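Computed from a prediction, not measured in an experiment: that's the story for all the values here. Counting starts at 1 for both ligands and their atoms, following the listed order.
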Amino acid sequence: MTEKILILDFGSQYTQLIARAVRECNVYCEILPFHKGVQPDPAIKGVILSGSPFSVNDPESPDLDVANIVQQIPVLGVCYGAQLTAKRYGGRVAKSDKREFGRAILSNTAHPEDALLKEVSTTSQVWMSHGDTILALPDGFEVLATTESIPVAAFKALNTPHTLYGLQFHPEVYHSVEGKKILRNFLYNICGCHGDWTPASFVHETVEHLRQQIGSRKVIMALSGGVDSTVAATLIHQAIGDRLYGIFVDNGVLRKNEFQQVLDTYKQLGLNVKGVDAKNLFYTRLAGKVSPEEKRKIIGGLFIEVFEAEAKHIDGIGLLGQGTIYPDVIESVSVHGPSVTIKSHHNVGGLPDRMHLELVEPLRFLFKDEVRKVGLELGIPRELLFRHPFPGPGLAIRILGEVTEDKVRLLQDADAVYTRSLRESGLYDSVWQAGAILLPVKSVGVMGDERTYEFTVALRAVTSVDGMTADWAHLPYDFLAKVSNEIINEVRGINRVVYDISSKPPATIEWE
Ligand SMILES: Nc1ncnc2c1ncn2[C@@H]1O[C@H](COP(=O)(O)OP(=O)(O)OP(=O)(O)O)[C@@H](O)[C@H]1O
Ligand SMILES: O=c1[nH]c(=O)c2[nH+]cn([C@@H]3O[C@H](COP(=O)(O)O)[C@@H](O)[C@H]3O)c2[nH]1
Ligand SMILES: NC(=O)CC[C@H](N)C(=O)O
Ligand SMILES: [Mg+2]
């Protein structure tokens, strides 16, 4: 990749959306905290300054020498980025009684051939989120657009060494109807990008790069059957073939038949993966444990133990493969301070420190949707790439209270009926994640004139973009009626089914 855009982050909640939108225009980009500035790099074709929760007039607000960057390359300021630019060049930014949050109508007064607003309609819906307003532009700056409430919704500098634009609205937000077009104009018309960021070019360059990094050494990697680790492993496999040693652990809390199915898929993909049956070890250590955090920590610890034991059997391992993706590594500017732990996410994150192995992380710079596109390019089956997320601690955090083998079997059966029904009725792809939860309560029922006293299953389905917030999915009543019936009829031990209608927040997606 010979071109990239740098996004300097001032802590906006939308910074990642800017990156996603740029990538969707087939241009590679990276997010850096604003204070890292712009290091010399011929690949950098332009800089975007993000929004921020700060006001440029706060004494503590993040600051940057914008003019210094414009000496080197084109710059686009978004919201705070635009306000900071205006202020730095001598304009006036102030709190105004005309705040704008939400939709606004942009009046585009720019010349029809203006490089940034070219082909943008004369009135266009945009998304605003600001309390400060640019009240006066610096000398040598021109207004390109206004809204009913503000005099400067877009501007351009006339005499700077490189092109300099500012937008008060957020082109990266979906509700800015022509926002994508504006960003594309910036990338292609102003920065001169060609759009060389495609799944095919990524695969080609990454495999080359992996060959150089790994040389003749061996790589070991934990695989979960999920998207990220599978795509990462497939890339490494293309680079080094059977010198990749995959390990997939049956922790006893996978879904029904999942262990065998995943191993079969890996075989089809030509991956060298060893399935390790550690069910009994997990069941033994989980016996009697009821606290969600304790269960999570036991599982995380056992994954590492099993993995390290397996690694000892392979000679000459030099590297550890990981399915790390970009949201895991972005160093965004944190304005809210360290956040509290809601749940300890299991993973093998403890491994790199303990194993003293060099890391191979081919997906470090990709977003999830890009990982899926790369997966398609690599010929990985769609069913795997578009599977719902499944947590590493598996069904253990969907069995409330103590995990036993019998309860696992019960939940696996109920979950299988639920997933099958979602697929059969074409609803699977319309929800972001779905699963069944086994409650630690028995209740009375009647079946064939006989009294029953059995467990309850809760069904959960959510819509979401990234799992950070989620809405309960409004599944059709007919569908719920049918699944409830099927679960109770097919799974002995369950006589009641309920549907979870809580959103996140205040609830979470998983129950533990
Ligand atoms: N059953 C398992 N056997 C071996 N390794 C596992 C297993 N489950 C999880 N892991 C490891 O833990 C990592 C984190 O698990 P997690 O489910 O969070 O992955 P992820 O980031 O969602 O990626 P994926 O899409 O691959 O599941 C995986 O990438 C994998 O390396
Ligand atoms: O790999 C994982 N290891 C974990 O320990 C873990 N806990 C929750 N999840 C998944 O994260 C998303 C958000 O879940 P919560 O709303 O329950 O926090 C949902 O998609 C959950 O399935 C996990 N994934
Ligand atoms: N979204 C933003 O960048 C907002 C900038 C600044 N905090 C304001 O309220 O005007
Ligand atoms: Mg996973």
Q) Polar-atom distance check: H130 versus ligand 3, any N or O pair below 3.5 Å? A)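 No, no N or O pair falls under 3.5 Å.
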Q) Could an N or O of ligand 3 be found under 3.5 Å from any N or O of D132, whether backbone or side chain? A)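 Yes, there is a polar N/O contact under 3.5 Å.
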Does a sphere of radius 6.0 Å around [atom1] in [X] hold more than 12 heavy atoms from other residues, nucleotides or ligands, not counting ones at 6.0 Å or beyond?
X	atom1	result
E358	CD	yes
R420	CZ	yes
I501	CD1	no

Establish, from distance only, whether the side-chain atoms of [X] and [Y] form a donor-acceptor pair under 3.5 Å.
X	Y	result
S55	Y80	no
E100	T147	yes
W127	Y14	yes
D471	T463	no
S12	S50	no
D264	Q268	no

Interfacing atoms of ligand 2 (cut-off 4.0 Å, heavy-atom, [X]):
X	value
T508	15 (P), 16 (O), 17 (O)
K504	13 (C), 15 (P), 16 (O), 18 (O)
G392	1 (O), 2 (C), 3 (N)

Q.
Looking at ligand 2, is there an atom of it that comes within less than 4.0 Å of some heavy atom belonging to W511?
A.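 The answer is no, since W511 has no heavy atom less than 4.0 Å from ligand 2.
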So is [X] in contact with ligand 1, going by heavy-atom distances below 4.0 Å?
X	result
A222	yes
N251	no
F303	yes

Q. So, does S176 use its side chain to make a donor-acceptor pair with the main chain of V126 at under 3.5 Å?
A.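 No; zero donor-acceptor contacts below 3.5 Å.
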**Q.** Contact partition for L223 relative to ligand 1, non-hydrogen atoms under 4.0 Å
**A.**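 The answer is the backbone of L223.
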For [atom], the protein heavy atom that lies nearest, with its residue and separation:
atom	value
atom 4 (C) of ligand 3	S52 O, 3.2 Å
atom 2 (C) of ligand 3	C79 SG, 2.8 Å
atom 9 (O) of ligand 3	G131 N, 2.8 Å

Q: Could you tell me which atoms of ligand 1, counted from 1 in the order shown, lie closer than 4.0 angstrom to a heavy atom of I247?
A: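 Near I247, the atoms of ligand 1 are 4 (C).
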Q | ring-ring contact (aromatic ring centres under 6.0 Å, His included) partner of H388, chosen from W432, Y428, Y418 | A |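 Answer to the ring-ring contact (aromatic ring centres under 6.0 Å, His included) test with H388 among W432, Y428, Y418: Y428.
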Q. Do you know which two heavy atoms are closest between G37 and L6, and how far apart they sit?
A.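 Closest pair (atom of G37, atom of L6, distance): O-CD2, 3.9 Å.
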Q.
Check this for me - ligand 1, V249, N or O atoms closer than 3.5 angstrom, yes or no?
A.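 It does: an N or O of V249 is found under 3.5 Å from an N or O of ligand 1.
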Q | N or O pair under 3.5 Å between P391 and ligand 1 | A |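 Checking ligand 1 against P391, no N or O pair falls under 3.5 Å apart.
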Out of [options], whose heavy atom sits nearest [atom]?
atom	options	answer
atom 1 (N) of ligand 3	G51, S50, S129	S129
atom 7 (N) of ligand 2	R398, R296, Q433, M468	R296
atom 28 (C) of ligand 1	P389, G226, S224, G246	S224
atom 6 (C) of ligand 3	F101, Y14, F10, F54	F54

(Q) N57 and side-chain hydrogen bond (donor to acceptor under 3.5 Å, both in side chains): which single residue from Q83, K95, K87 fits? (A)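 Single side-chain hydrogen bond (donor to acceptor under 3.5 Å, both in side chains) partner of N57 among Q83, K95, K87: K87.
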Q) Counting each atom of ligand 3 from 1 as listed, which ones have a heavy atom of P53 under 4.0 Å away? A)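 Here the atoms of ligand 3 in question are 7 (N).
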Q) Is ligand 3 less than 4.0 angstrom away from at least one heavy atom of H170? A)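 H170 counts as a contact of ligand 3 under the 4.0 Å cut-off.
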Q) P393 to ligand 2: N or O pair under 3.5 Å? A)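 Checking ligand 2 against P393, no N or O pair falls under 3.5 Å apart.
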Q.
Under a 4.0 Å threshold between the charged nitrogen and the carboxylate oxygen, would K289 count as salt-bridged to E402?
A.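 Not counted as a salt bridge, because no side-chain N and carboxylate O are separated by less than 4.0 Å.
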